[in-house]
Protein chains: 2
Amino acid sequence: MNTSKKMETLKSYIESKGLKSTAQRDYIADTFFKSNTHISLEELLKKVKRKTPNIGYATVYRTMKLLTEGGLAISRQFGDGQTRYENLPEYGHHDHIICVKCSKIAEFQNQKIEELQSETAKKLGFTVINHKLELYGYCSGCA
Amino acid sequence: MNTSKKMETLKSYIESKGLKSTAQRDYIADTFFKSNTHISLEELLKKVKRKTPNIGYATVYRTMKLLTEGGLAISRQFGDGQTRYENLPEYGHHDHIICVKCSKIAEFQNQKIEELQSETAKKLGFTVINHKLELYGYCSGCA
DNA sequence: TGTTATTATGATAATAACTTTCATTTTCAA
DNA sequence: TTGAAAATGAAAGTTATTATCATAATAACA
């Protein structure tokens with residue numbers, strides 16, 4: 001999903017919840033949608049403050065909570081003590097492979113793995129709606 | 001790996017690091033090894049205090065840190081704001097499927113998925129040493 | 001276009017989990 | 001046994017997250 005489509009989706013979500021639209025929230029969301037990293041609140045706040053220095057941490061926090069609830073962001077914990085937010089990808093789903101030495105994060109997709117997951121879940125009586133797959137290892141530079 | 005084997009491994013690890021063995025640490029480790037849940041520090045402390053009420057949070061914390069460093073425990077974050085510790089399984093590796101409604105956690109193994117992971121990683125120049133796979137969905141009771 | 005009820009904001013305080021500090025106790029090699 | 005080094009427990013310090021509250025902004029409607 002691209003950025004403008006995400007902004008539209010957000011607008012619908014806000015309307016459906018009876019909330020009000022604000023410039024701050026729009027700008028935070030837009031900034032997040034345009035970031036391509038696994039961004040933390042602190043990092044996002046920093047980005048946002050470049051153009052609008054008077055925006056507060058709490059507003060960024062609440063916006064990301066809203067986006068997460070609305071399915072436009074995915075909150076994740078990679079183990080560094082901070083919650084990081086992931087953007088919905090343009091197309092399809094991806095997983096992560098993380099270097100335990102230099103913390104480099106690469107992304108990948110594998111349709112076959114996804115199929116096997118659904119199958120396995122079904123056997124256990126579960127219906128899968130989402131998943132997280134993280135591989136940990138050494139990247140080419142750190143091997 | 002069974003509990004007594006784990007205690008032995010711990011002993012070797014402690015020796016190799018030039019540390020000293022203590023009754024508290026042994027008891028905490030043993031209690032952890034015998035727990036079969038994804039236990040938090042608070043929960044483990046509670047268990048431990050039943051027999052040895054004067055043990056402190058910090059000691060449990062330090063023991064779990066040690067076990068994690070020694071590869072005898074795996075620290076995980078399922079998103080409830082607490083670090084949880086997982087026991088090494090008796091045999092092989094397992095993954096998790098978590099019900100988003102009732103938080104029930106089931107475990108599963110799938111050799112084929114593991115193979116595909118290694119393959120995929122290799123293509124990206126990574127060598128996998130560990131992984132986390134979590135499926136989220138509805139269990140049979142919550143569907 | 002005002003009015004007004006409701007929501008949002010930003011600053012700050014509170015919370016919760018994790019980590020460190022420090023005085024004291026315990027361990028263990030010589 | 002003794003003494004250097006490590007461990008413990010209580011408490012204090014950190015850090016990220018969440019809540020509070022006074023004020024400002026929004027939007028439905030007369």
Side-chain angles (χ1 to χ4, degrees), chain A residues 10-32 38-70 73-86, chain B residues 10-32 38-70 73-86:
Chain A
L10 175 58
K11 202 179 165 189
S12 308
Y13 183 73
I14 284 171
E15 271 172 25
S16 77
K17 291 277 178 182
L19 307 179
K20 293 171 180 174
S21 72
T22 68
Q24 289 97 324
R25 188 157 54 198
D26 284 353
Y27 185 61
I28 293 166
D30 188 68
T31 304
F32 169 69
H38 302 90
I39 204 166
S40 67
L41 285 184
E42 212 62 61
E43 289 161 356
L44 183 55
L45 177 65
K46 210 169 154 190
K47 274 200 183 194
V48 164
K49 270 183 178 277
R50 280 183 206 146
K51 282 214 174 170
T52 55
N54 55 329
I55 248 170
Y57 179 96
T59 303
V60 177
Y61 164 74
R62 286 182 287 229
T63 299
M64 291 314 298
K65 193 177 175 190
L66 188 73
L67 294 186
T68 302
E69 286 165 0
I74 299 165
S75 85
R76 320 207 34 162
Q77 297 180 265
F78 288 103
D80 64 345
Q82 277 193 310
T83 299
R84 292 178 173 278
Y85 295 87
E86 185 175 324
Chain B
L10 175 58
K11 202 178 165 187
S12 309
Y13 182 73
I14 283 172
E15 271 172 26
S16 78
K17 291 276 178 183
L19 307 179
K20 293 171 180 175
S21 73
T22 68
Q24 288 97 325
R25 187 156 55 197
D26 285 355
Y27 185 61
I28 293 166
D30 187 69
T31 304
F32 169 69
H38 302 90
I39 202 165
S40 68
L41 286 184
E42 212 62 62
E43 289 162 356
L44 184 55
L45 178 64
K46 210 169 154 190
K47 273 199 182 192
V48 163
K49 271 185 178 272
R50 281 181 206 147
K51 280 215 173 168
T52 56
N54 55 329
I55 246 168
Y57 179 94
T59 303
V60 176
Y61 163 73
R62 286 183 287 230
T63 299
M64 291 316 297
K65 193 177 175 189
L66 188 73
L67 293 186
T68 302
E69 285 164 3
I74 299 165
S75 85
R76 319 203 37 157
Q77 297 180 267
F78 289 104
D80 64 346
Q82 278 193 307
T83 298
R84 292 178 173 279
Y85 295 88
E86 186 176 323

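In what follows, chains carry the letters A, B, and so on, assigned in the order in which the sequence lines appear, proteins first and then strands, with residues in each chain numbered from 1.
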**Asked** Of all heavy-atom pairs between A:Y57 and A:E42, which one has the smallest distance, and what is that distance?
**Response** CE1-OE1, 3.8 Å
**Request:** Rounded off to whole Å, could you give me the CD-to-P distance for the A:E15 and C:dA8 pair?
**Result:** 13 Å
**Asked** Looking only at side-chain N and O atoms, does B:Y61 come under 4.0 Å of OP1 or OP2 in C:dT19?
**Response** yes
**Asked** Does any donor-acceptor pair link the side chain of B:K20 with the base of D:dA5 at a separation under 3.5 Å?
**Response** yes
**Asked** Heavy atoms under 4.0 Å, any strand shown: does B:S21 hit a base, just sugar-phosphate, or nothing?
**Response** sugar-phosphate
Protein N or O to nucleotides 28-30 of chain D N or O, pairs below 3.5 Å:
none

**Fill in**
Separation of D:dA16 atom P from A:R84 atom CZ, nearest Å, is 10 Å
**Prompt:** Is there a side-chain contact between A:L19 and A:R25, using heavy atoms and a 4.5 Å cut-off?
**Reply:** yes
**Prompt:** Roughly, in whole Å, what's the span from CD1 in A:I14 to P in D:dA25?
**Reply:** 18 Å
Report each atom pair, protein N/O against N/O of nucleotides 9-11 of chain D, whose distance is under 3.5 angstrom.
{"from": "D:dG9", "atom 1": "OP1", "to": "B:Q24", "atom 2": "NE2", "distance (Å)": "3.4"}
{"from": "D:dG9", "atom 1": "OP1", "to": "B:N54", "atom 2": "O", "distance (Å)": "3.4"}
{"from": "D:dG9", "atom 1": "OP2", "to": "B:G56", "atom 2": "N", "distance (Å)": "3.3"}
{"from": "D:dG9", "atom 1": "OP2", "to": "B:T59", "atom 2": "OG1", "distance (Å)": "2.7"}
{"from": "D:dG9", "atom 1": "N7", "to": "B:R62", "atom 2": "NH2", "distance (Å)": "2.7"}
{"from": "D:dG9", "atom 1": "O6", "to": "B:R62", "atom 2": "NH1", "distance (Å)": "3.3"}
{"from": "D:dG9", "atom 1": "O6", "to": "B:R62", "atom 2": "NH2", "distance (Å)": "3.4"}

**Prompt:** Below 4.0 angstrom from OP1 or OP2 of D:dT8, is there any side-chain N or O of B:T22?
**Reply:** yes
**Asked** Closest nucleotide of DNA chain D for B:G18 versus for A:K65: which of these residues is on the 5' side?
**Response** B:G18
**Message:** I need the CG-P distance between B:L66 and D:dA6, as an integer number of Å.
**Reply:** 13 Å
**Request:** Please report the closest heavy-atom contact between A:S75 and A:T83, naming both atoms and the distance.
**Result:** CB-CG2, 3.9 Å
**Length of the line joining B:L67:CG and D:dA7:P, which is rounded to integer Å** = 13 Å
**Item:** Residues A:Y13, A:L66; criterion side chain to side chain contact (heavy atoms under 4.5 Å, CB included); working and verdict
**Value:** CA-CA 9 Å; A:Y13 183 73; A:L66 188 73; 3.9 Å; yes
**Request:** For B:K47 and B:I39, run side chain to side chain contact (heavy atoms under 4.5 Å, CB included): C-alpha distance rounded to whole Å, both residues' side-chain angles, the deciding distance at 0.1 Å, then the answer.
**Result:** CA-CA 10 Å; B:K47 273 199 182 192; B:I39 202 165; 4.2 Å; yes
**Asked** Which atom pair, heavy atoms only, marks the closest approach of B:H38 to B:E43?
**Response** O-OE1, 4.0 Å
**Between C:dC18 (C1') and A:D80 (CG): distance, integer Å** = 14 Å
**Fill in**
In terms of heavy-atom contacts, A:S40 and A:R84 come closest through N-NH1, 3.9 Å
**Prompt:** Is there a side-chain polar atom (N or O) of A:T83 under 4.0 Å from OP1 or OP2 of D:dA16?
**Reply:** no
**Asked** Just how far, in rounded Å, is P of C:dC28 from NZ of B:K11?
**Response** 10 Å
**Test applied, side-chain contact (heavy atoms from CB on, under 4.5 Å); reference residue, A:Y85; option that passes from A:L67, A:I74, A:L44, A:L41** = A:L41
**Message:** Determine whether B:Q77 and A:F78 satisfy the following criterion, side chain to side chain contact (heavy atoms under 4.5 Å, CB included), listing intermediate values before the conclusion.
**Reply:** CA-CA 8 Å; B:Q77 297 180 267; A:F78 288 103; over 6 Å; no
**Message:** Just the rounded figure in Å: distance from P of C:dC18 to CD of B:E43.
**Reply:** 11 Å
